[in-house]
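The basis for the numbers below is simple: all heavy atoms, side chains too, and nothing from hydrogens, waters or symmetry mates. Numbered from 1 within each chain, the chains take letters A, B, ... in sequence-line order.
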2 protein chains.
Amino acid sequence: MLAHRLKQARLKANLSQEKLGKLAGIDPMSASARMNQYERGKHAPDYQLMCKVSEILTMPVSWFYTQDEDAAKLQEIFFNLSADNRKSILASAETLLARNTPVAATE
Amino acid sequence: MLAHRLKQARLKANLSQEKLGKLAGIDPMSASARMNQYERGKHAPDYQLMCKVSEILTMPVSWFYTQDEDAAKLQEIFFNLSADNRKSILASAETLLARNTPVAATE
DNA sequence: GTACTAAGAAATTCTTAGCAG
DNA sequence: CTGCTAAGAATTTCTTAGTAC
């Protein structure tokens, strides 16, 4: 998981490290230490916990594992679109891919 | 990490569990056991290893952590688009979002 | 209240040594 | 050759008990 994404999303939600940890189901006694270790990149949370965190912060869980900025942005937008708009974007992307860098086409 | 995505991408690349592990830099002696444990969901690989695996399988690393099928498909397509086409899709998505489920707009 | 950390306790993964198809 | 597994070794995370602002 990318520590800076966790921090970014937590701050956007206006939660303290401890509060977020508690909401995610961590033992209140260790919520502060653990969330801090994750956010500083000291330790890595398991996927199951990140799924809970992503629900609380209303982000797709994969967003926390995304390196490319544009790909991250697209995931966030896609997550917030209606079902119809999702289909629309997916269809557009598929069309572009079909015409994308034709290895040696034009013929 | 979602075990079934690892299996899917590995098979698509026509690699054995052991070969993929070796290519990812795992000690050849334990590559088979470890990759099998990951693919069966017995143990979880760390993010750094998954980054190497994603490079070998030419998929975005976040794809392995993506639950929603359509979101996974979009990530894969986006990964394979040219820079210009990426910008185009991102712009379309942003436009759709701006008009998406206006909480109480039309006014 | 919030962010953060050291260090031992506890839990996890990794390696070895295999078996089965 | 490939997929797979048990179990101890090795490594990691988690908890506790704090500090500093």
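- You'll find that the side chain of B:Lys42 is closest to D:dA6, out of D:dA6, D:dG3, D:dT5.
- Using a 4.5 Å heavy-atom threshold, the side chains of A:Asn85 and B:Leu97 count as separate.
- Using a 4.5 Å cut-off on side-chain heavy atoms (C-beta onward), A:Val53 and A:Met50 make contact.
- Taking atom CG of B:Asn36 as the reference point, atom P of C:dT13 lies 14 Å away to the nearest angstrom.
- B:Ser62 and A:Gln67 share no donor-acceptor pair across their side chains, judged by distance under 3.5 Å alone.
- We find that CG of B:Asp46 is positioned 10 Å from C1' of C:dT13, with the value rounded to whole Å.
- The stretch residues 11-30 of chain A touches DNA chain D through A:Met29, A:Ser30, each having a heavy atom within less than 4.0 Å of the strand.
- With DNA chain D read from its 5' end, the first of the two nearest nucleotides for B:Lys7 and A:Ala31 is the one closest to B:Lys7.
- Closest to the side chain of B:Ser32, out of D:dA17, C:dC14, D:dG3, is D:dG3.
- Contact of the B:Ser88 side chain with the A:Leu96 side chain is registered, since non-hydrogen atoms from C-beta on lie closer than 4.5 Å.
- Residues A:Gln8 and A:Trp63 are in side-chain contact: their nearest non-hydrogen atoms beyond the backbone lie under 4.5 Å apart.
- Distances shown here put a side-chain N or O of B:Arg34 below 4.0 Å from the OP1 or OP2 atom of C:dT15.
- Side-chain nitrogen and oxygen atoms of B:Tyr38 include none within less than 4.0 Å of the OP1 or OP2 phosphate oxygen of C:dT13.
- For the pair B:Arg10 and D:dG3, the criterion of a side-chain N or O lying under 4.0 Å from OP1 or OP2 is met.
- Counting distance only, with no hydrogens placed and no angle test, the side-chain atoms of A:Gln37 and the base atoms of D:dT15 include a donor-acceptor pair under 3.5 Å.
- Side-chain atoms of B:His43 lie closest to C:dT13 of the nucleotides D:dC14, C:dT13, C:dT5.
- With salt bridges taken as basic N to acidic carboxylate O contacts below 4.0 Å, none links A:Glu69 and B:Arg86.
- For D:dC4, one of the phosphate oxygens OP1 or OP2 lies less than 4.0 angstrom from a side-chain nitrogen or oxygen of B:Arg40.
- In this structure, A:Tyr47 and A:Tyr65 have tilted ring planes: the angle between them lies in the 30° to 60° band.
- When rounded to the nearest whole Å, the span between CG of A:Leu49 and P of C:dT12 equals 13 Å.
- Atom pair B:Glu39:CD and D:dT2:C1' shows a separation of 11 Å (rounding to whole Å applied).
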